[in-house]
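Order of listing sets the numbers, starting from 1, for every ligand and every atom in it.
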Amino acid sequence: MLLKTKHINLKTELPGPKSMALIKRKEENVPRGPFNTSPAFIEKGEGALITDIDGNTLIDLAGAIGSLNTGHCPPTVVKAVQEQVEKYIHPCFHVAMYEPYIELAEKLNAITPGNFKKKTFFLNSGAEAVENAVKIARKYTGRRAIVSFERGYHGRTSMTMALTSKVKPYKNGFGPFPSDTYKVRHPYYYRKPKGMTDDQLDDYLLKQLNDFFLGEVPPEDIAAFILEPIQGEGGFIVPSKRFVQGVREICREHGILFISDEVQTGFGRTGKMFASEHFDIDPDLITMSKSIAAGLPISAVTGKAEIMEAPNPGEIGGTYGGSPLGCVAALEVIKLLEEQNLISRANEIGTLIKNRFKEMRKKTNVIGDIRGLGAMTAMEIVKDRDSKDPDKVLTGKIIAECNRRGVVILGAGLYGNVIRTLCPLVITDDQLNEALDVIDQVIEDVVKEQ
Ligand code: PMP
């Protein structure tokens, strides 16, 4: 027995012998492109716990990169999927229609922000939802340009790569990219110029949009701005209400659509059903995926009915879009979020994590900023708090060591120096504290080793 605490139970080094054997087969048969954070192969997932094929139990703070707000294998979701599989697996909505698709569309139209008539359709992945939101925005407005924000992440397909920041690993060598995409600045308060207040930074960046319209693309050529209400891959950067509302207002003024990319922030993660609610905005289009269906691959675009009606029959869709399994899973996920108060639980989790991170910061100079909303909380690792120089190498070591000691966790950030938590919202305080104890100890050990 290598380590046994209340929940983490490491019977072997990670990866254990069975995982090692599979890693060997993986290396022979799978390209190195798809990355892996934990070295373990999973046997079973339950709530916030993973058991690997060597019998090790790990605490999951990554939740399939934010896809498991309701945890691994919530029983009601498992049951709904099992019952669905018995009836029909995939008739394809374009061929033979089915009720769960309609029911989920009705539900998303009702629970997404915006007090207007909405319509929804379904796809497979987050990137595919963004691709389709872009198509719809262009078709509706008859305009060519799409504007995204620096440090934003929207996917790995051709269009979404173009909208995404961070050259390595997301864009390097994959050009040329689709034309008519543009990027504008986004506030990063922790790294703002000395002497500037947050409000001044917001106002400066909003004002710069006028120059952008003069210098890069006129507003009448812009179909949409796409914004993550909180930047996910970009490092859990929370813009102010002033900034987000300012962008929304500029869009309204120029007939530009506002797309809120809630792929990572949706379904309770930030302490609201959708993070857009924190900013009191009503997006024209919302993209969703990840935690929508407890891990089943489905995504959605919801938007103002008039906008969603722009494409003609056959112009949007796809064979697997809105699979019945994803639809019935999503309906159960939404029920769970609503009935088990998981959305307010996200706030409790966020407070617990932030308080523990603050305690850790008192002991070391390498934890810079601590930020986030609800259970979307992160810490930034720096060389020291005065210089704020990002420390990507140290961050990598901390993440690797946490994963080795039984806490599955992910990095993020343009500089690769952010440690983020996307734990299932069903995690118990006990499990969470245990995982945070490991992080605390790992930081202490890894810093000492430097
Ligand atoms: N948008 C955002 C905000 C995301 O976080 C992600 C995934 N990290 C995507 C889009 C792309 O989703 P997918 O990986 O399902 O294509």
Side-chain angles (χ1 to χ4, degrees), residues 33-37 61-69 112 122-135 137 146-166 169-171 174 181 183 186 224-239 244 258-270 272 274-276 278-279 283 285-302 318 320-323 326 329-330 333 372-378 409-414 416 418 420-422:
F35 85 105
N36 315 100
T37 191
L61 296 191
I65 326 185
S67 306
L68 302 177
N69 289 356
T112 45
F122 300 106
L123 301 132
N124 299 286
S125 65
E128 209 187 347
V130 172
E131 289 269 357
N132 279 274
V134 166
K135 278 176 71 175
I146 306 291
V147 180
S148 60
F149 290 82
E150 63 179 4
R151 285 186 315 276
Y153 182 90
H154 302 287
R156 284 184 171 90
T157 59
S158 196
M159 170 52 89
T160 58
M161 258 196 302
L163 299 175
T164 289
S165 286
K166 196 164 175 177
Y170 300 135
K171 299 161 79 95
F174 294 116
T181 64
K183 238 167 241 107
H186 181 278
F225 272 63
I226 180 162
L227 175 82
E228 294 161 88
I230 298 167
Q231 292 190 322
E233 304 305 309
F236 282 25
I237 295 171
V238 189
V244 177
F258 183 100
I259 304 171
S260 189
D261 184 350
E262 294 252 17
V263 167
Q264 193 159 152
T265 51
F267 300 96
R269 172 58 44 194
T270 69
K272 302 266 187 198
F274 294 99
S276 300
H278 287 288
F279 305 95
L285 295 166
I286 303 178
T287 50
M288 293 158 265
S289 189
K290 289 199 189 272
S291 273
I292 185 172
L296 275 99
I298 181 169
S299 63
V301 182
T302 297
Y320 278 111
S323 105
V333 162
L373 264 181
M376 195 168 176
T377 303
I409 195 159
L410 288 165
L414 184 63
V418 174
R420 59 172 154 167
T421 57
L422 288 167

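Using a 30° and 60° split on the angle between ring planes, F149 and F225 fall in the tilted class, from 30° to 60°.
For E262 and S276, the side-chain atoms include at least one donor-acceptor pair closer than 3.5 Å. Side-chain contact of E131 with T157: a donor-acceptor pair under 3.5 Å is present, judged by distance alone.
Within 4.0 Å of ligand 1, contacts by protein heavy atoms are made from S125, G126, A127, Y153, H154, G155, E228, E233, D261, V263, Q264, K290.
With respect to L285, the side-chain contact (heavy atoms from CB on, under 4.5 Å) criterion is satisfied by exactly one of N132, I259, V130, V134: I259.
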Item checked: Stepwise side-chain hydrogen bond (donor to acceptor under 3.5 Å, both in side chains) test for T270 and H278 -> CA-CA 9 Å; T270 69; H278 287 288; 3.0 Å; yes
Notebook entry, point to check: Going through the checks in order, is the side-chain contact (heavy atoms from CB on, under 4.5 Å) test met by Q264 and E233?
Noted result: CA-CA 9 Å; Q264 193 159 152; E233 304 305 309; 3.0 Å; yes
